Structure formats: structure tokens, C-alpha cells
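From a predicted model like this one, the values you see are computed outputs, not experimental measurements. Residue numbers start from 1 in every chain, and the chains themselves are labelled A, B, ... in the order their sequence lines are given, proteins ahead of strands.
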Protein chains: 2
Amino acid sequence: MHSTQPRTPQECNASMRSVRDALDLLGGKWKLPIIVGLTGGPRRFKQLQREVAGITAKMLSKELKELEINGLITRHVQADAAPVAVTYTLAAYGRTLYPVIEALRSWGQQHRRHIMHPETLEAAAEAEWPEPEALSA
Amino acid sequence: MHSTQPRTPQECNASMRSVRDALDLLGGKWKLPIIVGLTGGPRRFKQLQREVAGITAKMLSKELKELEINGLITRHVQADAAPVAVTYTLAAYGRTLYPVIEALRSWGQQHRRHIMHPETLEAAAEAEWPEPEALSA
DNA sequence: GATAGCGGTTTACCGAAGGATACCGGTGTG
DNA sequence: CACACCGGTATCCTTCGGTAAACCGCTATC
């Protein structure tokens, strides 16, 4: 643990740019929850709407479109079935988000524990930091 | 690679809840970029504002307050220095976000490459999915 | 004395994100 | 027939995220 993080200004800037790139695609209230829902396998529209608690049809529709445009999910229509069935599937590219989701899931889970029982977890000793360097940022 | 992801509805729901817990704290346009900025060591207000390109003083101020309330960063005032120096530091708890940041950074970086040269990366074979289970979601 | 930097706060304003509700044509169920 | 489910769309409305700009006291610099 205590994974090494960027220290030089260059690394730091590059890191921030990458994070913001990711956030551009995944930002907002619903995109990641929707993707998490799809990690359980293909889902139909209403099914997904029930799973992602609180989302409206309008928002779900909008977010699904954006996710599809970005190649993260796939929309599949079965016209043969009685009431035309539409399923959404996590695309191969969407599955590359597993590490991101896992990191967020793990942190969120730990955070909930942290909120419940703060005292048991506060013991992470303060590491020493470099002096407040006068960076020409 | 191909890290195992939740498959059962229960795991999926728990996963979604955790992700949304994390998003409640980290959501929005600026929080994660600010934290990334602070991974480089303590920063002063204006220094941070220059580093997090595009953020206004008001937003930075607001976001820093929220991050401090949640225990992710620490605000430190040196009253002795000539013009009162204020530094913001990633708290121990904030450092537990390293895996999240690393995952996002890595994905964002890869995504940029993906956008530039799509063809070279599309080769992730479709994995087999469980049938669209009739989940009582 | 004027100007600039620091660490913000305040005011005013705007547009996008998000929410509520109704509705559509189609099908199957009682 | 009435009703509910499906996969959405359309409309209206509110909230919030976010911007721009001025301003504050203080200090150092020209």
C-alpha cells in the first residue's frame, strides 16, 4: 500500500489531464451507476431503470445514448420478439472500466465503514511530505 | 486483466451503492482534479488555482471547504509568515484515494490513445455473457 | 503613492443538468 | 373492455454548478 503517486509537476499535470479526460466521459450522476448495473450482464431499459434507483426514463435514455456514442455500451434490438425487446450490453471497451469501478466500489465501501466507525480507522499515520515547494505553476 | 466483476443481483446492488457513496463525495467537475493537484505535496491557494486550470477562486474555495469537511484534505494557516500563508495538504484519509485516482488516470490515458488510434486497440475479444436473466429488479 | 500579490468573500448572473409528469403506439393479461 | 408493461419522447420547471467581476485587509515592491 501507499502506492507511489506523481511528485514532479510534469507528472502531476499529466495525471490531472488524464483524470479530467476520464471525467469528461464518466462524469455526472448516472453514467457509472448505469455501467455498474450492466456489469451484471445485459439489461433491458425498464429493468435498468428499476436497478438504477431514482433515475428517470429521460435521463436513462440520454445517458445510454451518450455511453453508446462513446463505445462503452452496445444497444441491441430484437425485432422478432413479441414486444420489441431492447437490450443494453457493456461493450468490450466498457469492460476496460472494471478497474475504475472496482477502485470506486472498494473506496466507497470502506468510506461507509469509516463513517460508521471513525475511531477504528483513523490510525493511518501522517506520512512526511516534501516542503511546500515554490512551484512555478 | 479481465478482473471479475459482480454477477449476482445482490453483489451488483451492493456495488452500485458503494460507487454512488463514493460519487457523492467525489462527484462534480473539480474535486478529483484538486486532489490530484495535492498529490504533488502541499499547495497554497493561488498555486492550486493555477494548477487546476480553469477553476475560479469561488469554486476552489467552495470545493476545498467540502473536501476539508469530509476529512480528505487539511487546511493549515501560518500566521507568522509575512502575508499569512495558507497551505492545503492531502490528509491521510485523502491518500486512501490513490487507487481511485490511479485507476482513473490510467484509464484516461489509455482512452486518449484509444481516441487517437482506434484501430490498434479494438481487438479486445467479446467475452461470453450470461443470458439476459429475468431479474426481478 | 501606485501597483501587484496573497487568500479569499460577495454579488450578480446564466446555462446546463436533472426532476416531474404526461403521453405515445404496440402487445399481452384479466 | 380496461389495464399494465414495454421503450422510450415531449414538455415544463427547478436546482445547482459554474462564471465574471469587484472587493476586502494586508504586505511587499517600484
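As rounded to whole Å, 12 Å separates atom C1' of C:dG7 from atom CG of B:L48. B:K46 has its NZ atom 11 Å from the C1' atom of C:dT9, to the nearest Å. What separates CD1 of A:I55 from P of C:dG18 is a distance of 9 Å, to the nearest Å. Between the CZ atom of B:R43 and the P atom of C:dC6 there is a distance of 14 Å, rounded to whole Å. For the pair A:F45 CZ and C:dG26 C1', the interatomic distance rounds to 16 Å; values are reported in whole Å. What separates CE of A:M59 from P of D:dT14 is a distance of 18 Å, to the nearest Å. Atoms CG (A:L60) and C1' (D:dT9) sit 13 Å apart, rounded to a whole Å. Counting to the nearest Å, the P atom of C:dT9 and the CD atom of B:Q49 are 12 Å from each other.
Two residues are said to be in side-chain contact when any heavy atoms from C-beta on lie closer than 4.5 Å; B:E63 and B:W30 meet this criterion.
Against DNA chain D, the stretch residues 18-34 of chain B makes heavy-atom approaches under 4.0 Å through B:K29, B:W30. Only B:K65, listed by number, bring a heavy atom of residues 65-73 of chain B to less than 4.0 angstrom from any atom of DNA chain C.
Closest non-hydrogen pair, B:R105 versus A:S15, comes out as CD-OG, 3.3 Å. When all heavy atoms are compared, the tightest approach of B:N70 to B:L25 is ND2-CD2, 2.8 Å. Closest approach of A:F45 to A:L60, counting heavy atoms only: O-CD2, 3.6 Å. The two residues B:P99 and A:A103 come nearest to each other via the heavy atoms O-CB, 3.9 Å.
Partner of A:L38 under the side chain to side chain contact (heavy atoms under 4.5 Å, CB included) criterion, chosen from A:L48, A:T87, A:T89: A:L48.
Sorted by first and then second residue, the pairs that involve residues 18-29 of chain B and meet salt bridge (Lys or Arg N to Asp or Glu O under 4.0 Å), not counting sequence neighbours, are A:R112-B:D21. Applying the salt bridge (Lys or Arg N to Asp or Glu O under 4.0 Å) rule to pairs touching residues 53-62 of chain B yields nothing, sequence neighbours excluded.
A search for side-chain contact (heavy atoms from CB on, under 4.5 Å) contacts involving A:K65 returns A:S61, not counting sequence neighbours.
Using a 4.0 Å cut-off between a side-chain N of Lys or Arg and a carboxylate O of Asp or Glu, A:E68 and A:R75 do not qualify as a salt bridge.
A close approach under 4.0 Å does not occur between any side-chain nitrogen or oxygen of B:R50 and OP1 or OP2 of C:dG5. A sub-4.0 Å separation between OP1 or OP2 of D:dG7 and a side-chain N or O of A:R44 is present.
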Could you write out each protein N or O paired with an N or O of nucleotides 21-24 of chain C at a distance under 3.5 Å?
none

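The aromatic rings of B:H114 and A:Y93 sit parallel to each other, their planes meeting at less than 30°, with 60° as the upper class boundary.
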